[in-house]
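Here's the structure we're looking at; comments come further down.
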Amino acid sequence: MARPDDVPALDLPAEPVPGDVADVPGVVPTAAETWLRIVQVHDRITRRVDSALHRRHDLSLTGYEALRRIAEAPGERATMGEVAEALGISRAGVTSTVTRLVAAGHVVRERSAGDRRLLHARLTPAGRAKVEEARPTHDGLVAHLLALLGDDAAVVTDALARVSAAARTRR
């Protein structure tokens, strides 16, 4: 359709208009938008890695993380509280995770010789083998997904560490 001579031509951008405010350079997202992004990223990465670990190693992401933390602890032994703190889950959540790991033969529960109230999870040889078998799947997939941060990885990591430290402080 021809346009009348008195109507100026529109100078449209060559690129499509962003559908998301965060895609507009210079626009600072609101706290709610930032929170939603953090939750979405965590949820999507967690589900993707959990699914891969289940398929390839018959191990949940929480189970893998618990095994890894125990494997990295002195003597391959950690208290339930230490594992809960490292994973950011409740003691009840750790108890059920460790119960599954015990049933699979990956860890054993032991009472502390110095304080019988403390319960430790100790890695078994099967648990050591399982965490080493699953490590490339976990680390490779996480690295692949986080590589999308590109040159911003250090900035994002530092910012999230500050938020994590502040959230940890009880007020």
Heavy-atom check, side chain of V156 versus side chain of L146, under 4.5 Å: no
Within-4.5 Å side-chain heavy-atom neighbours: L123 and R77: no
Pairs meeting criterion salt bridge (Lys or Arg N to Asp or Glu O under 4.0 Å) with involvement of residues 154-166, two or more places apart: D158-R162
Residue pair R122 / G75: nearest heavy atoms and the distance that separates them: CG-O, 4.4 Å
Rounded distance (nearest 0.5 Å) linking atom OG1 of T46 with atom CG of L61: 6.0 Å
Cluster link L149 to L36, ILVMFWY, side chain under 4.5 Å: no
Considering all heavy atoms, the nearest A134-L59 contact: CB-CD2, 4.2 Å
Test item: T124 side-chain N/O and H106 main-chain N/O as donor-acceptor pair under 3.5 Å: yes
With S51 via side chain to side chain contact (heavy atoms under 4.5 Å, CB included) - residues at least two apart: R55
Partner set under salt bridge (Lys or Arg N to Asp or Glu O under 4.0 Å) for E85, not counting sequence neighbours: R168
Under the side chain to side chain contact (heavy atoms under 4.5 Å, CB included) test, residues paired with S60 that sit two or more places apart: D50, H54, T62
Qualifying ring-ring contact (aromatic ring centres under 6.0 Å, His included) pairs with a residue from residues 109-140, counting only residues at least two apart or across chains: Y64-H138
Listed partners of V163 passing side chain to side chain contact (heavy atoms under 4.5 Å, CB included), at least two apart: none
Pairs flagged by side chain to side chain donor-acceptor pair (under 3.5 Å) wherever residues 144-157 is involved - sequence neighbours left out: none
Where V94 and A84 come nearest, the two heavy atoms and their spacing: CG2-CA, 3.3 Å
S164 side-chain N/O to L160 backbone N/O, donor-acceptor pair under 3.5 Å: no
Nearest non-hydrogen partners of G105 and A126, listed with the distance: O-CB, 3.6 Å
By side chain to side chain contact (heavy atoms under 4.5 Å, CB included) - contacts of V102 (at least two apart): V98, V107, R109
Qualifying salt bridge (Lys or Arg N to Asp or Glu O under 4.0 Å) pairs with a residue from residues 57-75, counting only residues at least two apart or across chains: E65-R68, E65-R69, R68-E72
Results of salt bridge (Lys or Arg N to Asp or Glu O under 4.0 Å) for R56 - residues two or more places apart only: none
same_hphob_cluster(V108, L118) at 4.5 Å side-chain heavy-atom cutoff: no
Taking every non-hydrogen atom, the tightest pair across T97 and G63: CG2-CA, 4.0 Å
Residue pair G93 / S96: nearest heavy atoms and the distance that separates them: O-OG, 3.0 Å
Hydrophobic cluster (4.5 angstrom, side-chain heavy atoms) - remaining members for W35: V39
V41 side chain reached by L145 side chain, heavy atoms, under 4.5 Å: no
Residue pairs involving residues 132-144 (criterion salt bridge (Lys or Arg N to Asp or Glu O under 4.0 Å); sequence neighbours excluded): K130-E133, E132-R135
